[in-house]
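Residue numbers start from 1 in every chain, and the chains themselves are labelled A, B, ... in the order their sequence lines are given, proteins ahead of strands.
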Amino acid sequence: MTRIDSPPRKQSHSNGRARETAESLAGKQKDISVSEFFAKNRHLLGFDNPRKALLTTVKEAVDNSLDACEEAGVLANLAVVIEDLQPDRPATAKSSRYRITVIDNGPGIVRKQVENVFGRLLFGSKFHRLKMSRGQQGIGISAAGMYGLITTGKPMVIHTRPSAKKDAHHIELAMNTKTNRAEVTVDRETDDFPPQRFKTLNAGTRDPGFLNSEDFLTGTSVSIELEGLYRKGRGSVDEFLELTAIANPHARIMFVPPTRVSADEQDDLPQVHAKSPTPAAAPEPTVDAVSDAADIDPTITTVEKDGVILFPRGTDQLPPETREIQPHPKGIELGTLLQMKKDYEASDGGTLYQFLQDRFCRVSAQTASKFCDAIGVTSRTRIVSVEPPQIEKLYQVFQETRLAPPPTDCLAPIGVRQLLAGMLKGVKAEFYAASSREPDVYRGRPFQIEAAIAFGGELPADDSARVIRFANRVPLLFQQSACSSLKAVIETGWKNYALSQPRGSLPVGPLVVMIHMASVWVPFTSESKEAIADYDEIRKEMKLALMECGRKLGTYLRKRQKMQREAARRDVFERYIGEISKAINAINGTDAKKLYDALHKQAKRRTAIADAQLDEEGKMVKADDVEALKQDEGVVMIESRAAQAGEQVQGPSQETPTGKKIKSSEQGDLF
Amino acid sequence: MAKNKATGRKTSNSAKQRDKATLAKIVELADDVSSSAFKGRDIALDIPTRSRSNTVWNKKRGILQMGSAKSSRELFNLSQAKQFMQTCLHGNSIKQLIDADKTLSLRAMFYKGLHTVAGTSEKTFADQDESDVILEDMEVSLGALREELHVFAKKAGTMVGNITIVDNGDEIDCRRMGSGGYAVPSIVESDVIEFKKVDADFVLHVEKGTVWSRFNEDRFWETHNCILTEGAGQPPRGVRRLLKRLNQEHNLPIICLLDCDPWGHYIYSVIKQGSISLAFESERLAIPEAKFLGIRAKDYAECDLTDDVQIELNDNDKKRANEILNYPWFKDHSRWQKEIAKMLSNGFKMEVESLITKDISYVTEEYVPERLKKRDWLD
């Protein structure tokens, strides 16, 4: 007989192990801190493998620096240095230890905030705001520091000078994952900002233009040691910085890569910028004499010299400041609504009527009134008295009511001229077009799409087009096929714009396509923020932007083809005139030279268009549609690169068929 | 007759006059070009159109003639520029030939004008065909015959029979030409070929050399007192000119023995009233009174030939036959309409050689003599 009040005895398994009960299990459960969770799930933050870990670290630091500079209203100067700490490792090593340092000339960080900024996950100013910014979640740099700590045991080293007149702070800290708090190991004042140590790395860094103290009166430098892998090619730090430079033409970025590049990567980026050490070798491209060519200088290009890669500043115009906006009723989840109610109770404690007007955009007194009526409360009902089921009803009413779309001045698009400046800097092409759409809304959130294309010049003609994607000015390097922007490019009919495009793929030709989405909340497909999720409104806007650019390209290409034909025609006449002059001279004794000149004059007159092309000034012919292109501020054309590319294109194809009919459309053009 | 010391070629006074006239025309062409160039006017050559649309059927005279339409070949037209240049080049070559009093073949003219255009890798002529076309254009636009341009074609055609000629000063008795026969030259003008003694009663013209050899071996020309010629298919200008002269100067009837098929009919039609491409030559080449002896569509039954000789008419043949039916010169000719209709209803064609199935010399001993006697031919 078993006594009921005796403690339950552990029953035995057949193999002798004691079985767990709910209680004994409960004893083992405990809280997991956020940091601990992410420590074990690094892939969620972009630290899956050594190469990506390196890239993510650079990305987070650079994003922060650019954001900080923009908020302070300064033109960003950035230096990114990657040092290989194990240069003598064997060739088969899958990773190495690196020190990554990013230095900026932003406003710096106040001493009190340093721990919070660098040593605490999910702490930041950006998460709770609906404002267009690069880091939507405050995870970034702290996670990188944590990763560094885990892989090398070394703390983050921060130098920051928030005030130009005072000394900088030198802080070293490491994150305690259990408490989700930073522990500071070194804390002192120093005048070593920007850190001078970097100036001795190589010949390029010894150049006084690198890390010049005058350029970095205030600012922050953060160094993280971690296990990573530096490789060039797709998805590399180089590509990230190159694209960042394109999307942020106001920024000046200097990059010092590690000298040793890991063995088995030869996947080079499609050559987009020239690494010519002597810019004088390439002919200076000339721009049309268009009045606002002043703000776009095609001679500015990326330069690599003595181990330092410089992405120069393309424009002195800062991006406009963005405003923060209130959420729009249609843009929030039910859970968020409930949370907002609770927050409001705690902080303000007023009526529902007031809550609706204060905490949402586009809710007027009248609208608030209507909402109250719809859920059966009055304008005086205190928010505390509103029950959750009523909040649910409110949420449904939100979705059903017609409301004005949210304000869009919270967005700061890159802008057409800036897009062109950025593309021009990074891509050596002959034709550039850019388009910036009007803002639109998806699910209650404002967004704006911009696109730019570069064509011809030195781009390879036989490859598929290269698509570069940006969200809030941050390049998206991975998961291209999952991204809405790529789908938009594929769905655009590039054949209409004189390009070839196999079905369901990217167009083929010397083309670079850039898409930028600016939004208070960019919808990503995953936490790693690599691909934009598909929304109809977004895709539609992307295609419209692409089509605008495509149209301009089409006009340009058709004109160029026509001019090539004209040039070919003129060549034909040139050749024969010589023969004819000689033959006629032999028959009737006419002076051959005089006859040649007379015939030549006629040839010129008849092929006037082709002649203008060879005019020294490089001015293009006066035709209506091309004139329109010239005046279009969304277009830049560089003839000299077109001429070089054209010579390669012409080749053997321009023999005149004898006795065969040429299509009347060709003949009719001129004759 | 002046004799060219270098070549031994004899040039008559009339030939010299002709040369002068030709030269003047070429120079006129060149002057046109240069004056237009200096005045800034369009530079073009007017070339009479050698196409069906510009061919006129002169019913009264029974020959095809060239109309007056001209097409303009412009220098500053992309598709014509090269031909314009080629025309100028040949003009120069011809002048040189006339000055040197020599002749060249068509192919040699091609080579003469062939070189690489200065400053390019393009040749002046892609192939001989291009050159030939230009020369024909020049004949027409200058109104001078190829011979007058001192250009000759490959010769083809053979003659044997009761005739003695003097060829470029050499006397040739065509009764004594053995098995080979006299090779008809490309130029058969009176200043080259003189008919010294003509005893024959008529000329029998056959399509192929092999048929001709049959007749020669059987010495048909001797037994029937005629001249025997062959044209190697579509007879070249030399042969046609020869036939024309024999017909015109000595009133010899021209009797044709050709295959019973659209090609044979076409050959006859060209001999009879001229061709479209050489319509400007019809005056000198067409023989409206030429007769078509055979092979006739009715011969299958009449000669009692076997099925083996039948060659089925293919779609091309039928198309061609219908085209010929509609030629203006056959359209109103009821007997020809019937002839072609009969062939079409037979559904097959027959070659002259099919008569071999009867007997090796059936054609020379029975077929032709019978029809000659009965005057059974079409004209």
Side-chain angles (χ1 to χ4, degrees), chain A residues 562 564-610 650-671, chain B residues 23-45 73-96 98-99 113 115-127 129-134 137:
Chain A
K562 188 174 173 198
Q564 280 173 347
R565 286 203 301 270
E566 300 308 337
R569 277 200 185 110
R570 195 165 158 282
D571 283 345
V572 163
F573 296 145
E574 285 277 273
R575 292 181 248 174
Y576 299 152
I577 287 171
E579 291 286 325
I580 291 169
S581 306
K582 274 198 277 196
I584 301 288
N585 160 267
I587 295 175
N588 68 2
T590 314
D591 182 315
K593 179 85 178 45
K594 284 206 187 121
L595 183 58
Y596 179 88
D597 290 339
L599 290 172
H600 188 74
K601 212 166 89 175
Q602 260 209 43
K604 269 179 81 159
R605 191 166 40 88
R606 285 171 185 269
T607 56
I609 289 174
Q650 280 245 18
S653 60
Q654 303 299 339
E655 291 284 311
T656 319
T658 51
K660 290 194 210 137
K661 291 236 170 4
I662 289 190
K663 287 199 297 285
S664 56
S665 61
E666 270 188 72
Q667 254 182 337
D669 276 338
L670 205 50
F671 300 113
Chain B
L23 207 58
K25 284 186 203 150
I26 294 179
V27 171
E28 193 188 321
L29 206 89
D31 285 344
D32 214 15
V33 172
S34 45
S35 71
S36 297
F38 290 130
K39 289 190 187 142
R41 283 207 304 257
D42 284 353
I43 300 172
L45 296 168
R73 180 170 293 159
E74 293 174 28
L75 168 55
F76 292 116
N77 181 319
L78 198 63
S79 59
Q80 298 174 347
K82 189 166 186 188
Q83 286 181 314
F84 189 95
M85 172 200 67
Q86 290 168 336
T87 310
C88 295
L89 287 178
H90 271 335
N92 187 21
S93 299
I94 293 169
K95 174 172 182 292
Q96 288 175 20
I98 293 177
D99 285 345
H115 56 264
T116 309
V117 178
T120 73
S121 55
E122 189 189 353
K123 290 202 164 31
T124 48
F125 293 95
D127 52 34
D129 288 334
E130 274 187 20
S131 166
D132 289 351
V133 165
I134 300 291
D137 287 341

Distance in Å, [X] [atom1] paired with [Y] [atom2], rounded so as to fall on 0.5 Å steps:
{"X": "N92(B)", "Y": "N585(A)", "atom1": "CG", "atom2": "CG", "value": "8.5 Å"}
{"X": "K582(A)", "Y": "L89(B)", "atom1": "NZ", "atom2": "CG", "value": "9.0 Å"}
{"X": "I580(A)", "Y": "L75(B)", "atom1": "CD1", "atom2": "CG", "value": "4.5 Å"}
{"X": "Y576(A)", "Y": "Q83(B)", "atom1": "OH", "atom2": "CD", "value": "10.0 Å"}

Between [X] and chain A, which part of the residue has a heavy atom less than 4.5 Å away: side chain, backbone, both or neither?
{"X": "R73(B)", "value": "neither"}
{"X": "H115(B)", "value": "side chain"}
{"X": "T87(B)", "value": "neither"}
{"X": "I94(B)", "value": "neither"}

Query - Y596(A): partners by ring-ring contact (aromatic ring centres under 6.0 Å, His included), with sequence neighbours left out - result: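 With sequence neighbours excluded, Y596(A) shows a ring-ring contact (aromatic ring centres under 6.0 Å, His included) to H600(A), given in chain and number order.
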
Ignoring hydrogens, what is the shortest heavy-atom contact between [X] and [Y]? Give both atom names and the distance.
{"X": "F38(B)", "Y": "K594(A)", "answer": "CE2-O, 3.5 Å"}
{"X": "C88(B)", "Y": "A583(A)", "answer": "O-CB, 3.7 Å"}
{"X": "F76(B)", "Y": "F573(A)", "answer": "C-CZ, 3.6 Å"}
{"X": "E579(A)", "Y": "V117(B)", "answer": "OE2-CA, 3.8 Å"}
{"X": "A598(A)", "Y": "A37(B)", "answer": "CB-O, 3.7 Å"}

Requested in this report: Not counting sequence neighbours, which residues clear side-chain hydrogen bond (donor to acceptor under 3.5 Å, both in side chains) with D597(A)? List them please.
Outcome: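 Expected list: K593(A).
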
Query raised in the report: So among I587(A), L595(A), D591(A), which one has a side chain to side chain contact (heavy atoms under 4.5 Å, CB included) with S34(B)?
Result: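 Of I587(A), L595(A), D591(A), side chain to side chain contact (heavy atoms under 4.5 Å, CB included) with S34(B) is met by L595(A) alone.
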
